[in-house]
Amino acid sequence: MTVNAKRFLADLHKLRSFGASGIGKGVVRQAYSDADLASREWLASRMADAGLDVHFDPLGNLFGLGGERSLLIGSHSDSQPEGGWLDGALGVIAGLEIARAAKEAGAAPISAVSFQDEEGRFGVTTGSDVWSENVSLQQADAFTDNDGLTLAQARGRMADLTGPFLPHDRFSGFLEMHIEQGPSLDQSDDRIGVVSNIVGIRDMRISFSGRQNHAGTTPMHLRQDAFQGLSAFNAMLNNRLADVVTPTTVWTIGHVSLHPNASSVVPGQVTFSMQWRDEDAARLKQMEQVIHDLAMETATERGLEVTLGPVMGIEPVAMDAGLQDALIKSAGQSAPNQWRRMPSGALHDASNMASVMPVAMLFVPSIGGISHAFDEDTDEADLVLGLEVLAGAAQALA
């Protein structure tokens, strides 16, 4: 089996043309948008041209089937509202090229997939989440986007294309190639990352409630300023977590809603998101306790009330040892002394797939560690090297 690097890159650039932003190599291709639907029709035609059997399931997950009980390779092709050209798309086109090369060589069958809505317009990794049966289709249909559109309404745009869900045991395992989306590989001499595990995520909402009052006449020492509560909480958080976390642990306050959000009013309430990620479930629990205790302490010290919402999350996922070994052996052959084992700090479809079959992942560098942005990019030589490593592992596994 020999992959065709020129054909692979041409397909990758063609996929970029669907929803091209006009800024750098960026794309705007959210799930179920016109650009997404057009790109899926094009991908389906490329799969058919490669001799693969095309199948859309009820979510719009697109499979190019190489044969029964085949290895499955892919990712997602939808983007963030302002996305890069490689996030997800790289893994989809790599899957297409390897499945096509296997067909051409008469080798053991390999199938390709583009999962729908990995970027979470309606949920989190929605397409693979439903296909893996972690969430039912009925539950997912009630999910809404920021404009109130339901998933059921959105996927209705694909109703004339879709068929039944494929059985999980049709596939022997799942491989996903992806850009790293971080700086580790780019800041080193390594060009390939073999993923050891995908971190777990915890997410909750915290609210501080104080006393809304006049900003000009309320003395500072008498204020119950909700935003000052958030400010104090954030200022102390890093030190409180220092003895719990590792260098790869991350935590983020990413969304803040302030009420009444007026320049001449002491804020009476603030609600904010608190997210933390780590590869160890016990450490995630320790962090939860620290965050809880600090929120309660901050509220008491500042005369505020605090409400802590439910902790939502996804468990850490270890990659399959056998599939990892195949990637390691291939990386050693194609990129000697230029690869490493590393965790993934980002969530991927492989997280869901691990509940129904063996999975493994491969990373290539992100220039500047940039992703989820129009200037996301990777050197084409690294894209091709990643394809070669993935193909070597796929051939051995298939």
Side-chain angles (χ1 to χ4, degrees), residues 15 18-19 21 26-41 43-44 55-63 74-84 87-89 91-92 113-166 176 178 181 198 200-205 252 254-255 257 273 275 277 309-315 317 346-356 371-373:
L15 180 54
F18 295 93
S21 70
V27 296
V28 177
R29 194 169 59 232
Q30 282 192 283
Y32 304 103
S33 65
D34 289 345
D36 174 59
L37 298 185
S39 73
R40 287 178 179 276
E41 289 188 16
L43 276 169
H55 181 84
F56 284 99
D57 73 13
L59 261 293
N61 295 322
L62 169 59
F63 294 83
S75 188
H76 64 96
S77 51
D78 64 303
S79 81
Q80 287 284 329
E82 293 188 359
D87 180 358
V92 171
V113 65
S114 172
F115 285 111
Q116 181 60 291
D117 195 26
E118 191 271 355
E119 296 291 6
R121 178 181 176 184
F122 293 95
V124 180
T125 61
T126 314
S128 60
D129 209 19
V130 174
W131 188 76
S132 302
E133 298 179 353
N134 297 317
V135 174
S136 72
L137 181 59
Q138 183 178 12
Q139 289 174 303
D141 269 345
F143 294 167
T144 60
D145 68 4
N146 291 335
D147 296 321
L149 185 74
T150 66
L151 175 61
Q153 292 170 318
R155 71 183 186 87
R157 301 189 68 192
M158 301 188 70
D160 59 332
L161 295 173
T162 58
F165 286 111
L166 294 172
E176 182 172 6
H178 210 280
Q181 300 182 282
I198 301 174
I201 302 175
R202 298 290 184 268
D203 197 286
M204 69 185 301
R205 299 280 170 175
T252 307
H255 182 272
S257 177
S273 66
Q275 185 186 98
R277 305 187 185 206
V311 178
M312 313 294 285
I314 296 174
E315 295 305 307
V317 174
L347 189 62
H348 300 284
D349 288 310
S351 296
N352 295 320
M353 298 294 283
S355 66
V356 294
S371 184
H372 286 185

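We number each residue from 1, following the sequence as shown.
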Q: State whether the side chain of H55 and the backbone N or O of P164 hold a donor-acceptor pair below 3.5 Å, judged by distance alone.
A: yes

Q: Does anything in residues 126-142 form a salt bridge (charged side-chain N to carboxylate O under 4.0 Å, His left out)? List the pairs, not counting sequence neighbours.
A: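 Listed once each, the pairs are D141-R155.
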
Q: Return each pair, listed once, that meets salt bridge (charged side-chain N to carboxylate O under 4.0 Å, His left out) where at least one residue sits in residues 113-125; pairs must be two or more places apart or across chains.
A: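 The answer is R121-D145.
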
Q: Take D34 and R157 through the test side chain to side chain contact (heavy atoms under 4.5 Å, CB included) and record every step on the way to the result.
A: CA-CA 10 Å; D34 289 345; R157 301 189 68 192; 2.5 Å; yes

Q: Counting only N and O atoms by type, is there a donor-acceptor contact under 3.5 Å from the side chain of R202 to the main-chain atoms of I314?
A: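 Yes; at least one donor-acceptor contact below 3.5 Å.
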
Q: Will you find, in the side chains of S33 and Q30, an N or O donor that is under 3.5 Å from an N or O acceptor?
A: no

Q: Contact between N61 and S128 at the side-chain level, heavy atoms closer than 4.5 Å - yes or no?
A: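 Heavy-atom side-chain distance check fails, nothing below 4.5 Å.
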
Q: Could you tell me whether the side chain of S114 and the main chain of V92 form a donor-acceptor pair under 3.5 Å?
A: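 Looks like no, no N/O pair under 3.5 Å.
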
Q: Is T162 reaching over with its side chain to a backbone N or O of P58, donor-acceptor style, under 3.5 angstrom?
A: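 Between the backbone of P58 and the side chain of T162 there is no qualifying donor-acceptor contact (under 3.5 Å).
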
Q: For S75, give me all partners under side-chain hydrogen bond (donor to acceptor under 3.5 Å, both in side chains), at least two apart in sequence or on another chain.
A: E176

Q: For R205, give me all partners under salt bridge (charged side-chain N to carboxylate O under 4.0 Å, His left out), at least two apart in sequence or on another chain.
A: none

Q: Assess, by modelled atom type and distance only, whether the side chains of Q116 and D57 contain a donor and an acceptor separated by less than 3.5 Å.
A: no

Q: According to ring pair (Phe, Tyr, Trp, His ring centres under 6.0 Å), who are the partners of F63, at least two apart in sequence or on a separate chain?
A: W131, F171

Q: Taking only residues two or more places apart in sequence, or in another chain, which ones meet D87 in a salt bridge (charged side-chain N to carboxylate O under 4.0 Å, His left out)?
A: none

Q: Do L59 and F115 touch side chain to side chain, with heavy atoms closer than 4.5 Å?
A: no

Q: Nearest 0.5 Å, what's the NE2-NE2 distance between H76 and H178?
A: 4.0 Å

